[in-house]
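Worksheet for the structure shown next.
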Amino acid sequence: MSTLSDLVYAQGLSSDADVEWLHRLAGDGQLLADLAFADIVIWVPTSDDSFIAVAHTRPGGAATLFYRDIVGDRVRPQWRTQVNDAFTQARIVDSASPDWFEETPTRVRAVPIVRERAGEGRPARVVGVLTRHTNLGEARTPSRQQITFNDCADDLFGMVASSDFPDLNAPTAPRRGAPRASDGLIRLDVDGMTTFASPNALSAFNRLGFEDELEGEPLIDVATAILPTKREFDESLPIVMAGRAPWRADIEARGVTVSLRTIPLRDHGTRIGAIVLCRDVSEIRHQEQELITKDATIREIHHRVKNNLQTVASLLRIQARRTHSEEARDALTQAMRRVSAIAVVHDTLSEGLAQNVNFDEVFARVLKLVAEVAAAPNTRARTRSSGEFGTLPSEYATPLALALTELVTNAVEHGLAGTEGDVEIVADRSDERLEVKVRDSGIGLPEGQVGRGLGTQIVRTLIQGELSGTIDWHTLVGSGTEVTIEIPLRYIEREAG
């Protein structure tokens, strides 16, 4: 399905700023639908003087009219004149009589989405039209809450038509558990006095410790009575509780956390009150805190593993320097190098929250380590890498780092033994596979013959056994050896998920 941006840009009539405005409004589509008890559709003009739907939100507490998705559809003939009038005249247009949609009586309101209001002899700039489709088939005597919700919706529609909503200064990307109208709604007047509180909103504040009625009370005074006197609180809380700015905050008391979102209501720029949405998010915040604690614990474990591995590598280095056997010294040096390569991966994991690593950063450190340790006094190796490995899950980063350590080491120690040459590592990543080539300009291997040492066995086990990949050795034309590793990324993604 095409996104809002794709659909809008396809018409070629909107700037990036206009698209952002429409995105913000669509992001509050659920709020508008729930307050209006109606379907909300956003339309943008097309190049042939029609309109196309770019967003649609169904109400949470009422029957929807559109059982099939209409995003991407052109405006229907029975709505076209109304939508066009709202767009060209920059005014709200209500249907004169009930409109029938698939044998259901409806009422349609078309609201111009004004980006810049009129002034100084210039007309208002309209970037689209929002339509409200109310199902009249389930009409019943409205409750006080429904009347208040509808009044709030009408205020917001008026703000859409006067470029006061959405507010680009409001914070985006709310934390998990953002409050909705059905979770709890409080209506404030211009002085911050509560004129309406839904039952769910009252229950949320009762759990915080407020035992009286909210209506008739300044919400900021209610917060003052709830909060412990010597406890730190969100600095934005007073602004939110007074309804003066479009902001979000949490209020905590008695082990309960309530998330708040304030939407100031304006009439052509003049503040007339506010809507405060509230939701008990105690369990959600508790889960978030548990995740933060677990992430911190995992990072600490990786940090300690890294420290322990570096200690082991240091001990192996000391032992290698003190041994008198050349064969034992080489074995200890190789073991030290392998341990150090694994330590690099754990060091990277200890620095972030995700259990994925940027393998390009890891390999850059591994390559530097190998080049410094592997080269003999009479061997000069120039190492370089190209391409991108990308991000890999930690359980695959470790075996790949260790396998590449062995291959680069073999290229330096055996391919370039006693000479000067190049070692090149080329990474080629696609959506389905990661291919890595390790080339050296050394003496090369007899075609068809592969080493049988411990390093070769380690590489085969890691690539074929742990990564379900393939590995191939062959001699380059002229001189040198090229080793090709291929790892299926679909397998990696499935295992990591």
Side-chain angles (χ1 to χ4, degrees), residues 24-25 27-28 30-32 34-35 148-149 151-153 155-156 159 164-267 269-285 288-289:
R24 286 292 191 102
L25 183 59
D28 275 317
Q30 192 63 59
L31 171 64
L32 294 171
D34 291 345
L35 290 176
T148 303
F149 276 32
D151 289 343
C152 292
D155 288 333
L156 291 176
M159 291 168 62
D164 289 317
F165 189 82
D167 193 324
L168 296 184
N169 293 321
T172 58
R175 298 171 65 186
R176 192 164 60 100
R180 301 158 298 190
S182 58
D183 296 321
L185 181 143
I186 298 171
R187 175 84 185 234
L188 303 179
D189 65 15
V190 69
D191 297 318
M193 190 76 70
T194 303
T195 60
F196 172 83
S198 70
N200 285 344
L202 181 59
S203 296
F205 276 83
N206 288 162
R207 287 191 287 273
L208 287 168
F210 186 76
E211 299 179 353
D212 296 327
E213 293 294 327
L214 285 173
E215 294 185 17
E217 296 287 341
L219 198 58
I220 188 66
D221 291 350
V222 173
T224 302
I226 291 173
L227 292 171
T229 56
K230 295 184 178 180
R231 183 173 178 177
E232 294 184 359
F233 60 88
D234 192 332
E235 294 180 355
S236 63
L237 188 59
I239 299 176
V240 171
M241 302 296 273
R244 295 182 177 277
W247 214 251
R248 305 173 190 267
D250 284 355
I251 181 171
E252 300 180 25
R254 299 174 60 178
V256 175
T257 303
V258 173
S259 179
L260 304 171
R261 178 195 175 186
T262 292
I263 305 171
L265 299 176
R266 297 184 177 90
D267 183 5
T270 302
R271 192 168 62 86
I272 59 174
I275 299 171
V276 179
L277 305 177
C278 52
R279 179 181 181 181
D280 186 340
V281 292
S282 304
E283 183 60 30
I284 294 176
R285 295 294 181 261
E288 290 176 347
Q289 188 59 45

Checklist line | Which atom of V258 lies closest to which atom of A204, heavy atoms considered | finding: CG2-O, 3.9 Å

Notebook entry, point to check: How would you list, by chain and number, every residue that makes a salt bridge (Lys or Arg N to Asp or Glu O under 4.0 Å) with R244, sequence neighbours excluded?
Noted result: none

Next item on the list: Output the distance between atom CG (L214) and atom CG (L188), rounded to the nearest 0.5 Å.
Entry: 10.0 Å

Check: Do the side chain of T194 and the main chain of E217 share a donor and acceptor less than 3.5 angstrom apart?
Finding: yes

Checklist line | Neighbour count above 12 (heavy atom, 6.0 Å) for E215 CD | finding: yes

Note to self: Using only atom types and a distance under 3.5 Å, with no angle test, would you say the side chain of R266 pairs donor to acceptor with the backbone of M159?
What the structure shows: no

Notebook entry, point to check: What's the spacing between L219 CG and I186 CD1 if we round to 0.5 Å?
Noted result: 5.0 Å

Check: Do T195 and T148 have side-chain heavy atoms sitting under 4.5 Å apart?
Finding: no

Item checked: Donor-acceptor contact present, side-chain R271 to main-chain V190, <3.5 Å -> yes

Item checked: Gap separating the CD atom of Q30 from the CG atom of L35, nearest 0.5 angstrom -> 10.0 Å

Check: Closest approach of R248 and A178, non-hydrogen atoms and distance?
Finding: NH1-CB, 4.2 Å

Check: Which value, rounded to the nearest 0.5 Å, describes the distance between I272 atom CD1 and D267 atom CG?
Finding: 5.5 Å

Item checked: Over all atoms of both residues, closest heavy-atom pair of G209 and R254 -> CA-NH1, 2.8 Å

Item checked: Shortest non-hydrogen contact from A170 toward R24 -> O-NH1, 3.4 Å

Margin query: Once rounded to the nearest 0.5 Å, what's the spacing between atom CG of L31 and atom CZ of F149?
Written below: 9.5 Å

Notebook entry, point to check: Where is the tightest heavy-atom contact between A181 and L277, given as atom of each residue plus distance?
Noted result: CA-CD2, 4.0 Å

Notebook entry, point to check: Side chains of D191 and P218: closer than 4.5 Å at any heavy-atom pair?
Noted result: no

Note to self: Given 3.5 Å as the limit, does a donor-acceptor pair link the side chain of D183 with the main chain of C278, or not?
What the structure shows: no

Check: What residues form a salt bridge (Lys or Arg N to Asp or Glu O under 4.0 Å) with D280, not counting sequence neighbours?
Finding: R207

Note to self: Determine whether a donor-acceptor pair (N or O, by modelled atom type, separation under 3.5 Å) exists between the side chain of D167 and the backbone of N169.
What the structure shows: yes

Next item on the list: Calculate, to the nearest 0.5 Å, the distance between atoms OG and CG belonging to S282 and D250 respectively.
Entry: 9.5 Å

Next item on the list: Test side-chain contact (heavy atoms from CB on, under 4.5 Å) on I275 and L156 and set out the steps.
Entry: CA-CA 10 Å; I275 299 171; L156 291 176; 4.3 Å; yes

Notebook entry, point to check: With a 4.0 Å cut-off, would you call D155 and R187 a salt bridge?
Noted result: yes

Checklist line | Check against side-chain contact (heavy atoms from CB on, under 4.5 Å), D28 and F165 | finding: CA-CA 10 Å; D28 275 317; F165 189 82; 3.4 Å; yes

Next item on the list: Apply side-chain contact (heavy atoms from CB on, under 4.5 Å) to L185 and N200, showing your working.
Entry: CA-CA 8 Å; L185 181 143; N200 285 344; over 6 Å; no

Next item on the list: Specify the closest pair of heavy atoms between V256 and L208, including all atoms of both residues, with the distance to one decimal.
Entry: O-CD2, 3.5 Å

Next item on the list: Carefully, step by step, assess M241 and V276 under the rule side-chain contact (heavy atoms from CB on, under 4.5 Å).
Entry: CA-CA 8 Å; M241 302 296 273; V276 179; 5.7 Å; no

